[in-house]
Amino acid sequence: MNNKIIIYQVFPRLFGNRNLTNKRWGTIAENGCGKMNDFDEQALQRIRKLGISHIWFTGIIRHASQTDYSEYGIPTQHSVIVKGKAGSPYAITDYYDVSPDLAVDVEHRLEEFKALVQRVHKCGMKVIVDFVPNHVAREYKSVCRPNGVADLGENDDTSLHFSTNNNFYYCWGKPFGPSISLTDSAGNTYHEQPAKATGNDRFDNHPGINDWYETIKLNYGVDYCNAAGRSEHFVPVPNTWKKMVDILLFWADAGVDGFRCDMVEMVPTAFWQYATGILKENYPQTIVIGEVYDPYQYRAYVQSGFDYLYDKVGMYDCMKSIVRQESHAAAITYQWQSLDDIGKHMLYFLENHDEQRIASPFFCGDAQRAIPALIVSALMQRNPMLIYAGQEFGEPGMDNEGFSGIDGRTTIFDYWTVGSLYRGYFDREKLSAQENEIYAQYQHILRIARGESAIGKGLFFDLMYVNPQSDHFNPARHFAFLRKWQDELLLVVVNFSGESNSVQVNIPGHAFDYLQLPEGHFGAIDLLTGETTIENLGRDGNISMTLAPFNGRIFKFNTKMKDDELLLCTHNKDEFPPAHTAEHLLNQVMIRMFDCGRSTNAHVERKKSKISYTLDRKPTRQDEKEIERRMNELIEEDLPVTYELVDRYDLPEGIDLSRVPDDYSNMVRIVRIGDFDACPCIGKHVRSTGQIGKFVLLGTNWDETTRTFRVRFKLV
């Protein structure tokens with residue numbers, strides 16, 4: 001694997017919930033709630049196999065909710081200042097605690113979180129949690145803070161609007177009086193005297209319904225309302241700075257590998273420079289991600305210690321507009337160029353909890369239409385990519401959950417079960433054909449992003465300036481670029497239109513100079529389809545291809561395999577890809593069970609297939625059942641099918657060419673099924689084993705004379 005970071009954002013509250021009631025405004029008792037323990041090894045391995053390097057668990061730290069956990073010593077929250085039954089994960093009630101909703105054993109919720117961290121690490125991934133620095137819940141009270149740590153606001157002088165020794169801002173003796181009712185259905189009224197400033201910089205006592213009225217603003221030494229205007233008081237170090245750094249260190253010590261920091265623009269850069277310096281001095285490998293929306297401030301936050309920043313108003317808005325066919329694909333060039341000096345620090349995404357789902361009518365109504373945007377976002381640069389749980393199945397986010405209405409977003413405020421996530425991780429047979437297809441494409445593309453050195457470490461060359469509007473290229477709907485690492489070259493071309501297009505992509509002489517490319521004829525393989533071709537790479541030449549609707553091509557060249565007489569083997573068999581992929585699996589299952597060779601004879605067809613093996617003994621009936629069980633287990637694992645071209649004289653370990661004809665070209669196509677099987681093959685395959693269907697063993701025959709075992713099967 002290379003150094004490319006792919007982050008998977010997931011709400012544990014939603015992910016593992018098997019309760020399908022989905023009652024609008026339902027309580028946790030009615031609708032249920034996912035738990036940290038739902039991320040068992042099987043679920044985590046499935047996430048990892050999607051191509052994920054980091055999991056961002058959203059909603060881990062205890063936040064306001066309407067669920068009563070007072071029997072565990074957890075303070076209750078007044079319902080009028082909690083958004084939704086489950087509450088906002090960004091209204092923190094105790095920075096040192098874990099949400100009790102997520103624990104099987106509430107009294108040991110922190111231990112359950114630490115066990116989750118260990119499971120994630122064991123599966124080869126890293127953990128990111130939210131750090132919410134700008135505001136907390138109105139009834140913040142830490143009951144889990146370490147001994148000797150003063151609570152936020154505990155020592156504040158509430159008679160002062162502002163003081164560097166205060167953690168909050170106060171409204172000079174005025175009661176809290178927002179534009180919402182402060183009395184609940186039982187007649188209980190919420191009181192706050194004096195009122196604290198509201199999280200979205202409302203320094204009066206009466207925030208509106210659209211304000212963050214459920215939160216209070218933290219004081220980092222900035223006086224927003226003095227007579228001379230905003231002023232900064234950072235010497236001596238404000239009390240809040242020290243408290244917040246201690247919180248970061250607490251979670252890093254618990255095994256957290258990174259922090260996604262909420263609304264960092266609302267906290268001064270001076271604090272971030274102070275905090276990230278201390279954090280990384282103690283935990284050098286920790287990554288820090290900032291939610292920033294003002295591109296003019298990007299560089300200031302990078303300089304203050306952030307590893308990565310949201311690229312929302314830049315690349316996200318650009319991609320969304322192109323997918324909706326409101327802008328030209330060529331606009332991507334302007335976006336990356338405008339931030340080229342800090343491009344490696346930008347976090348690309350197409351969905352997150354704040355944005356509308358791609359498949360919702362509010363975005364474009366069809367997850368397939370954004371596949372070109374996924375290819376570009378994941379492969380164009382070395383910077384990280386974020387995937388929001390459910391995106392990989394085309395989740396539409398069109399439920400009417402309660403506090404969160406029908407808005408194209410998945411709720412962050414309600415107890416709910418997300419249909420696509422439930423099916424995808426806990427009832428996979430219920431996934432629709434379209435959900436399976438979207439997942440297979442996501443898995444394929446993200447694993448390319450994680451597996452290809454040219455993506456994680458290589459150079460990038462934008463081809464748009466030499467591909468203007470023509471009969472063979474449409475910059476409004478097509479985008480093309482190169483990636484290069486050592487002898488490996490990737491040509492990536494995508495089609496944002498809903499029609500199949502034949503295109504010619506020009507490659508300028510400057511690309512050969514910048515990437516140090518040799519000229520000549522080279523074999524290439526499309527990493528998406530396995531299709532092979534021979535192309536002439538020449539200065540100011542072009543390469544022709546056909547682009548499927550809402551899709552792309554990722555041609556991989558190995559420039560050390562130059563040969564003027566390369567000829568890749570082809571055949572005219574009309575193969576059924578699921579059955580042909582099943583043949584690969586069955587071969588490896590037989591090898592591992594019986595220590596035999598691959599099949600000696602095979603008739604693989606759509607309706608039923610027959611494959612023969614030479615064995616030392618006749619398999620028992622129990623053996624036959626085990627073959628069928630193992631096959632369906634591998635299909636259930638949804639292993640990705642990937643391709644590579646290699647020099648036949650420099651083969652990967654374990655690849656056998658004994659059955660390959662002598663006149664086969666020097667370039668060999670290797671087909672890999674996860675880490676389970678690899679062999680030379682030029683046939684057609686599915687994108688992942690989950691698309692094979694159920695393997696049904698119809699019968700077997702045993703020929704004692706030839707020691708031949710014949711397997712008959714079909715796919716359902």
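Computation of the quantities below employed the complete heavy-atom set of this structure, encompassing side-chain atoms and omitting hydrogens, waters and symmetry-equivalent molecules. Residue numbers start at 1 and run along the sequence shown.
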*Ring centroid separation for His353 and Tyr90, is it under 6.0 angstrom?*
yes
*Lys/Arg-Asp/Glu bridge criterion (N-O < 4.0 Å) met for Lys23, Glu30*: yes
_Pairwise side-chain contact, Leu374 with Ile387, heavy-atom cut-off 4.5 Å (strictly under)_ = yes
_Close aromatic pair by centroid cut-off 6.0 Å: Phe162 and Tyr170_ = no
*State, with a plain yes or no, whether a side-chain heavy atom of Gln77 is found less than 4.5 Å away from one of Glu214.*
no
*asked:* So does Cys364 get a backbone contact from the side chain of Lys320, meaning a donor-acceptor N/O pair under 3.5 Å?
replied: no
*Given side chains that start at C-beta, do those of Asp223 and Arg230 come closer than 4.5 Å, heavy atoms only?*
no
*State, yes or no, whether a side-chain contact exists between Glu265 and Asn134 at a heavy-atom distance under 4.5 Å.*
no
*Centroid-to-centroid, Phe349 to Tyr388, below 6.0 Å?*
no
*asked:* Side chains of Tyr283 and Asp257: any donor to acceptor distance under 3.5 Å?
replied: no
*For Val106, check side chain to side chain contact (heavy atoms under 4.5 Å, CB included) against everything at least two apart and list the hits.*
Tyr69, Tyr72, Ile74, Pro100, Arg109
*asked:* As a quick check of understanding, evaluate side chain to side chain contact (heavy atoms under 4.5 Å, CB included) for Trp416 and Asn31, giving each step before the final call.
replied: CA-CA 6 Å; Trp416 203 254; Asn31 281 358; 3.9 Å; yes
*In this structure, which one of Trp172, Phe168, Tyr224 forms a ring pair (Phe, Tyr, Trp, His ring centres under 6.0 Å) with Phe203?*
Tyr224
*Applying the ring pair (Phe, Tyr, Trp, His ring centres under 6.0 Å) test to Trp251, which of Phe57, Phe259, Phe113 qualifies?*
Phe113
Could you pull out every donor-acceptor pair under 3.5 Å between side chains of residues 401-409 and any protein atom, sequence neighbours left out?
{"from": "Glu401", "atom 1": "OE2", "to": "Thr411", "atom 2": "N", "distance (Å)": "3.3"}
{"from": "Asp407", "atom 1": "OD1", "to": "Arg409", "atom 2": "N", "distance (Å)": "3.0"}
{"from": "Arg409", "atom 1": "NE", "to": "Asp354", "atom 2": "O", "distance (Å)": "2.7"}

_Whether over 12 other heavy atoms sit under 6.0 Å from Glu326 CD_ = yes
*Report yes or no: do Thr58 and Trp56 form a side-chain donor-acceptor pair below 3.5 Å?*
yes
*Quick one: list whatever passes side chain to side chain donor-acceptor pair (under 3.5 Å) with Ser79, sequence neighbours left out.*
none
*asked:* Does either side chain, that of Ser163 or that of Asp157, offer a donor lying less than 3.5 Å from an acceptor on the other one?
replied: no
*Would you confirm whether Ser360, through its side chain, and Met398, through its main-chain N or O, come within 3.5 Å as a donor-acceptor pair?*
no
*asked:* Let's go through Lys174 and Asp204 carefully: what are the C-alpha distance in whole Å and the side-chain angles of both, what is the deciding distance for salt bridge (charged side-chain N to carboxylate O under 4.0 Å, His left out) to 0.1 Å, and is it a yes or a no?
replied: CA-CA 9 Å; Lys174 297 178 181 179; Asp204 54 55; over 6 Å; no
*For the residue pair Asn188 and Thr183, establish whether any side-chain heavy-atom pair is separated by less than 4.5 Å.*
no
*Does any N or O in the side chain of Arg450 come within less than 3.5 Å of the main-chain N or O of Ile5, such that one atom is a donor and the other an acceptor?*
no
*What about the rings of Tyr348 and Tyr316, do their centers lie closer together than 6.0 Å?*
no
*For the student: nearest non-hydrogen atoms of Gln391 and Leu350, plus distance*: NE2-CB, 3.9 Å
*Rounded to the nearest 0.5 Å, what's the gap from CD1 on Ile247 to CG on Leu279? Could you check?*
12.5 Å
*Would you say Glu112's side chain and Val104's backbone share a donor-acceptor pair under 3.5 angstrom?*
yes
*Is the NZ or CZ atom of Lys196 both under 6.0 Å from the centre of the six-membered ring of Tyr169 and within 45° of that ring's axis?*
no
*Between the side chain of Glu291 and the main-chain N/O of Met263, is any donor-acceptor distance below 3.5 Å?*
yes
*Qualifying residues under salt bridge (charged side-chain N to carboxylate O under 4.0 Å, His left out), relative to Asp317, sequence neighbours excluded*: Lys312
*Looking just at side-chain N and O atoms, do His191 and Thr189 make a donor-acceptor pair shorter than 3.5 Å?*
no
*Between Thr76 (side chain) and Ser70 (backbone), is there a donor-acceptor pair under 3.5 Å?*
no
*List the steps and the verdict of side chain to side chain contact (heavy atoms under 4.5 Å, CB included) for Phe11 and Val418.*
CA-CA 10 Å; Phe11 276 79; Val418 179; over 6 Å; no
*Side-chain donor-acceptor contact under 3.5 Å, Ser321 with Ser327*: yes
*Could you tell me whether the side chain of Leu218 reaches within less than 4.5 Å of the side chain of Val136, counting heavy atoms only?*
yes
*Tell me, with the steps shown, if Ser99 and His63 meet side chain to side chain contact (heavy atoms under 4.5 Å, CB included).*
CA-CA 7 Å; Ser99 170; His63 54 272; 4.1 Å; yes
*Does any N or O in the side chain of Asn17 come within less than 3.5 Å of the main-chain N or O of Arg13, such that one atom is a donor and the other an acceptor?*
no
*Of all heavy-atom pairs between Pro133 and Tyr220, which one has the smallest distance, and what is that distance?*
O-OH, 2.6 Å
*What salt bridge (charged side-chain N to carboxylate O under 4.0 Å, His left out) pairs are there with at least one residue in residues 117-145, not counting sequence neighbours?*
Asp130-Arg260, Arg138-Glu192, Arg145-Asp151, Arg145-Glu154
*For Asp211 and Asn200, test the side chains for any donor-to-acceptor distance below 3.5 angstrom and give the result as yes or no.*
yes
*Pairs meeting criterion salt bridge (charged side-chain N to carboxylate O under 4.0 Å, His left out) with involvement of residues 85-96, two or more places apart*: Arg62-Asp94
*Examine distances only and state if a side-chain atom of Gln273 and a backbone atom of Gln303 form a donor-acceptor pair shorter than 3.5 Å.*
no
*asked:* Would Lys83 and Tyr213 count as a cation-pi pair here, with the cationic atom under 6.0 angstrom from the ring centre and within 45° of the axis?
replied: yes
*Would you call Val288 and Phe306 a side-chain contact if the rule is heavy atoms closer than 4.5 Å?*
yes
*What's the verdict on ring-ring contact (aromatic ring centres under 6.0 Å, His included) for Tyr140 and Tyr95, showing C-alpha distance, side-chain angles and the deciding distance?*
CA-CA 9 Å; Tyr140 181 92; Tyr95 279 118; 5.6 Å; yes
*asked:* Between Tyr8 and Glu392, do the side chains contain a donor N or O and an acceptor N or O under 3.5 Å apart?
replied: yes
*Does the gap between the ring centers of Tyr298 and His345 come in under 6.0 Å?*
no
*Answer yes or no: does atom NZ of Lys280 have more than 12 heavy-atom neighbours from other residues, nucleotides or ligands under 6.0 Å?*
yes
*asked:* With a 3.5 Å distance limit and no angle check, can you tell me whether Thr215 reaches the backbone of Gly199 through a side-chain donor-acceptor pair?
replied: yes
_Donor-acceptor pair, side chain of Asp156 and main chain of Asn167, under 3.5 angstrom_ = yes
*Kindly indicate whether the side chain of Ile55, heavy atoms from C-beta on, has any atom under 4.5 Å from the side chain of Val10.*
yes
*Polar side chain donor-acceptor pair, Glu395 to Ser420, under 3.5 angstrom*: yes
*Evaluate the criterion side chain to side chain contact (heavy atoms under 4.5 Å, CB included) for residue pair Ile289 and Leu347; output intermediate values, then yes/no.*
CA-CA 8 Å; Ile289 302 168; Leu347 173 64; 3.9 Å; yes
